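Structure record follows, encoded as structure tokens.
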Amino acid sequence: DWFCMEDYHVFSSSNLTDWTDHGVIVSQNSVPWVDSASYSMWAPDCIEKDGKYYFYFPGNQKREFGRGFTIGVAVADHPAGPFVPQAEPIKNVRGIDPCVLMDKDGQAYIYWSMGNIFVTPLKENMLELASETMVVKEMPGKGLKEGPFVFERNGIYYMTYPHVEDKTERLEYAIGDHPLGPFTFAGVIMDEHPSGCWTNHHSIVQFKNTWYIF
């Protein structure tokens with residue numbers, strides 16, 4: 001009765017119809033700090049900076065590194081890898097479902113969730129937090145919020161996230177004028193599914209002049 005995930009693959013496509021599997025890039029057995037019996041390599045994100053690809057992923061820690069979930073980084077010179085995981089997770093992060101936004105001025109921000117949604121600027125090395133953690137505020141509704149995905153379009157920052165308003169997750173969004181917010185609730189992207197489908201984790205990406213939700 002668990003979301004059983006032990007590794008990550010990379011797929012590529014030029015048309016979103018035909019896909020090539022480039023194999024496993026990170027597994028719970030290849031990260032020094034991850035408990036290899038936890039099977040909880042959940043929602044990740046990846047971003048490019050200065051020719052390097054930074055892959056952010058959650059994991060359950062071995063006892064000697066701490067307790068509970070945190071977020072690590074693996075680095076590569078190519079989108080398909082090979083990715084080399086850092087020996088330790090990002091310090092002072094407790095949670096899952098990382099998302100990294102590279103703003104127009106070159107500043108990167110990392111978002112993650114653990115009950116609430118959190119945000120912090122990253123240092124230039126993309127491996128450390130640059131300031132204290134902040135809770136993303138001004139988003140209404142009780143119940144679990146997780147899986148944040150943030151993007152910018154025409155000067156507006158869109159905070160999109162799954163939220164359990166009733167029984168299972170639906171996708172909602174809020175908008176703001178800055179990556180740190182505040183964000184104002186703006187509506188529902190995709191409502192609960194009658195099948196009872198649970199984890200509606202997602203991303204929203206522009207590809208060849210068209211926006212897609214994955």
Side-chain angles (χ1 to χ4, degrees), residues 1-9 24-47 54-75 83-101 108-123 125-139 141-150 159-165 167-172 174 179-181 183 197-203:
D1 60 350
W2 193 246
F3 301 102
C4 184
M5 303 178 187
E6 63 181 310
D7 55 33
Y8 299 102
H9 284 240
V24 173
I25 58 164
V26 175
S27 81
Q28 64 182 14
N29 297 313
S30 67
V31 183
W33 56 268
V34 168
D35 178 358
S36 61
S38 61
Y39 289 86
S40 50
M41 307 292 274
W42 293 339
D45 196 14
C46 191
I47 194 165
Y54 297 87
F55 182 78
Y56 298 82
F57 59 93
N60 209 346
Q61 300 178 90
K62 295 177 180 177
R63 288 185 179 272
E64 59 263 37
F65 287 91
R67 298 185 63 184
F69 283 92
T70 186
I71 291 167
V73 191
V75 185
F83 281 85
V84 178
Q86 300 295 296
E88 297 183 356
I90 302 173
K91 291 182 180 179
N92 300 319
V93 173
R94 293 291 178 267
I96 58 174
D97 303 341
C99 167
V100 176
L101 169 73
Y109 298 83
I110 185 169
Y111 304 80
W112 69 92
S113 59
M114 185 55 77
N116 288 312
I117 294 176
F118 301 90
V119 58
T120 306
L122 284 170
K123 290 184 178 180
N125 63 15
M126 303 294 285
L127 305 174
E128 299 176 88
L129 303 185
S131 69
E132 295 293 320
T133 297
M134 291 162 273
V135 177
V136 175
K137 298 181 178 179
E138 308 300 333
M139 294 192 304
K142 297 181 180 180
L144 177 69
K145 297 182 182 75
E146 58 179 358
F149 186 82
V150 182
M159 164 67 72
T160 68
Y161 54 95
H163 173 217
V164 182
E165 176 68 22
K167 295 179 180 179
T168 61
E169 289 182 341
R170 68 183 190 182
L171 295 184
E172 303 176 358
L180 297 177
F183 292 93
C197 174
W198 179 251
T199 47
N200 292 325
H201 286 30
H202 68 296
S203 59

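None of these values were measured; they are calculated from a predicted model. Positions are given from 1 along the sequence.
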- [ ] For the residue pair Tyr161 and Glu172, confirm or rule out a side-chain donor-acceptor distance under 3.5 Å.
- [x] yes
- [ ] With the side chain counted from C-beta on, respond yes when Leu129 and Leu122 share a heavy-atom pair under 4.5 Å apart, and no when they do not.
- [x] yes
Task: Heavy-atom closest contact (Val73 atom, Met126 atom, distance) - done: CG2-O, 4.4 Å
Open item on the list: Would you say that Val119 contacts Pro179 through its side chain, given a criterion of any heavy-atom pair below 4.5 Å between the two side chains?
Closed with: no
TODO: Of all the heavy-atom pairs spanning Asn200 and Glu169, show the shortest one and how long it is.
DONE: ND2-O, 2.6 Å
TODO: Quick one: closest heavy-atom pair of His201 and Glu146, and the distance?
DONE: CE1-OE2, 3.2 Å
Open item on the list: Would you compute the distance between atom OG of Ser40 and atom CE of Met5 and round it to the nearest 0.5 angstrom?
Closed with: 10.0 Å
Task: Qualifying residues under ring-ring contact (aromatic ring centres under 6.0 Å, His included), relative to Phe118, sequence neighbours excluded - done: Trp112
- [ ] Decide if atom CG of Asn92 counts as having more than 12 heavy atoms of other residues, nucleotides or ligands within a radius under 6.0 Å.
- [x] no
Open item on the list: If you count every heavy atom of other residues, nucleotides or ligands that lies below 6.0 Å from Glu132 atom CD, does the total exceed 12?
Closed with: no
Open item on the list: I'd like to check Leu180 versus Met134 (side-chain heavy atoms, cut-off strictly below 4.5 Å). Are they in contact?
Closed with: yes
Task: Gap separating the NZ atom of Lys145 from the CE atom of Met114, nearest 0.5 angstrom - done: 15.5 Å
Task: CA sep, side-chain torsions, deciding dist, call: Phe55, Tyr8, ring-ring contact (aromatic ring centres under 6.0 Å, His included) - done: CA-CA 10 Å; Phe55 182 78; Tyr8 299 102; 5.0 Å; yes
Task: Parallel, tilted or perpendicular: ring planes of Trp42 versus Phe3, cut at 30 and 60 degrees - done: perpendicular
